[in-house]
Amino acid sequence: MSQTMVGQPVPDGFFQGLEQRAFSPGWAKKRPQMWPRPQPKYVPALWRYSDARAALDQASAFVSPEFAERRNLIMVNPIADNIYPTSRNLVAAYQLVLPGETARSHRHTPNALRLILDAGASTYTIVNGVKVDVLPGDIVLTPSWHWHGHSNVGDEPAFWIDFLDVPLVQSLENMFFEDHPERNERAISHEPDSELRHKGTVLEQQMRESGTVDVARGGLGTIALHASGWRRGQEQAYGPEIQSSIFAVTGGEIAFEVEALGTVELTRGDVIVIPCWHSYSIRGQAAWSQMLRVSDAPVTAALGFTDVSKQR
Ligand code: GTQ
Ligand code: FE2
């Protein structure tokens with residue numbers, strides 16, 4: 001009985017015995033596991049479309065869709081040891097499909113969507129056999145376990161941003177993935193007005209009417225989409241919030257002010273991540289600016305934490 005704890009003797013080898021049986025004393029945790037309010041590890045960070053375009057253009061000389069499946073650049077949150085997520089539950093990536101290319105079909109449990117930045121006519125995604133055309137400003141959903149493959153049969157490069165809940169699916173350890181048996185799924189129908197497609201032209205009209213648009217509410221179980229329009233000088237403060245948000249500017253110029261980054265100005269195609277429990281403010285810097293917010297709000301809402309967070 002050489003060891004004591006708060007003055008009481010501890011049997012010899014007690015803690016070693018616990019460890020051998022894969023126990024850990026809950027009264028002497030190596031690190032606390034609960035705290036009064038969120039302590040996010042993820043940090044606010046910014047990515048420039050111009051940087052992504054330049055790098056993807058370079059990559060296209062040596063990365064083919066045959067080799068890569070997807071020619072994409074992942075926006076990795078710049079915290080120690082992170083190699084993938086953009087926010088705790090979501091990942092965002094810029095993707096390039098060149099004229100004449102097809103990114104082969106597959107399906108996976110992660111939910112996904114694309115926000116089209118640049119594309120000529122003749123770019124489309126085939127979702128579960130349905131050919132869905134895409135144009136700049138459009139959002140296309142590929143819900144969990146839907147087959148999807150992307151083609152560009154026009155003459156301009158197609159750039160978009162993918163958003164997926166892969167990190168959430170990884171934390172649930174529920175990843176399933178399958179390549180399409182025919183490599184490129186054939187379209188059995190053509191639906192330019194598919195309910196999975198939310199046209200940029202329609203969204204802009206709605207934003208000009210009502211400011212913020214809840215896009216495809218419930219269309220993806222884990223991801224919320226909010227498109228918002230901003231007049232010059234229009235300003236709004238937010239947070240702290242329990243959802244983590246990734247914003248992509250689709251037009252004009254928008255300033256974000258957030259601790260750790262200071263004030264940053266984003267133009268079309270630029271992306272900023274605001275992890276949960278960070279306060280931030282947004283300001284429109286052009287006559288008309290717009291952006292898309294992609295968040296994990298359906299997850300935190302489903303868990304019922306919204307009311308608690310509002311009391312903190
Ligand atoms: O286009 O299917 O950026 O499955 C990451 C994973 C895109 C896609 C990404 C994907 C896709
Ligand atoms: Fe995919």
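Atoms within each ligand, like the ligands themselves, are counted from 1 in listed order. Quantities reported herein were computed from a predicted structural model and do not represent experimental measurements.
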Q: Please determine, by modelled atom types, if Arg232 and Gln234 share a side-chain donor-acceptor pair under 3.5 angstrom.
A: no
Q. Which is it for Leu164 and ligand 1 at heavy atoms under 4.0 Å: side chain, backbone, both or neither?
A. side chain
Q | Nearest candidate to atom 7 (C) of ligand 1, where distance is taken over non-hydrogen atoms, out of Thr125, Thr142, Asp162 | A | Asp162
Q: Check whether any side-chain heavy atom of Trp230 sits under 4.5 Å from a side-chain heavy atom of Ile282, and report yes or no.
A: yes
Q) Considering only the protein, which heavy-atom contact is closest to atom 11 (C) of ligand 1, and what is its distance? A) Arg70 NE, 3.7 Å
Q | Residue His150 vicinity, atoms of ligand 1 by number, heavy atom under 4.0 Å | A | 1 (O), 2 (O), 8 (C)
Q. Which ligand 1 atoms are under 4.0 Å away from a heavy-atom of Ala93?
A. 3 (O)
Q: Would you mind reporting whether Pro167 and Tyr84 have side-chain heavy atoms less than 4.5 Å apart?
A: yes
Q.
Assess whether a salt bridge exists between Asp118 and Arg53, defined as any Lys/Arg side-chain N lying under 4.0 Å from an Asp/Glu carboxylate O.
A. yes
Q) Without hydrogens or angle criteria, can the side chains of Gln95 and Asp162 be said to hold a donor-acceptor pair below 3.5 Å? A) yes
Q.
Angle at the Fe ion (ligand 2), NE2 of His106 to NE2 of His148, rounded to 10 degrees, please.
A. 90°
Q. How is the N/O/S atom of His108 that comes nearest to the Fe ion (ligand 2) named?
A. NE2
**Q.** Ring centroid separation His106 to Phe177 under 6.0 Å
**A.** yes
Q.
Using a 4.0 Å cutoff against the non-hydrogen atoms of Arg114, which atoms of ligand 1 qualify?
A. 1 (O), 8 (C)
**Q.** Non-hydrogen atom of His108 closer than 4.0 Å to ligand 1
**A.** yes
Q: For the pair Tyr238 and Tyr280, name the ring-plane relationship: parallel under 30°, tilted 30 to 60°, perpendicular over 60°.
A: parallel
Q.
How long is the straight-line distance from CZ of Arg88 back to CG of Asn82, given to the nearest 0.5 Å?
A. 9.5 Å
Q: Quick one: look up the protein heavy atom nearest atom 9 (C) of ligand 1 and list residue, atom name and how far away it is.
A: Asn72 ND2, 3.2 Å
**Q.** Where ligand 1 meets Gln95 - atom numbers and elements under 4.0 angstrom, heavy-atom basis
**A.** 1 (O), 7 (C)
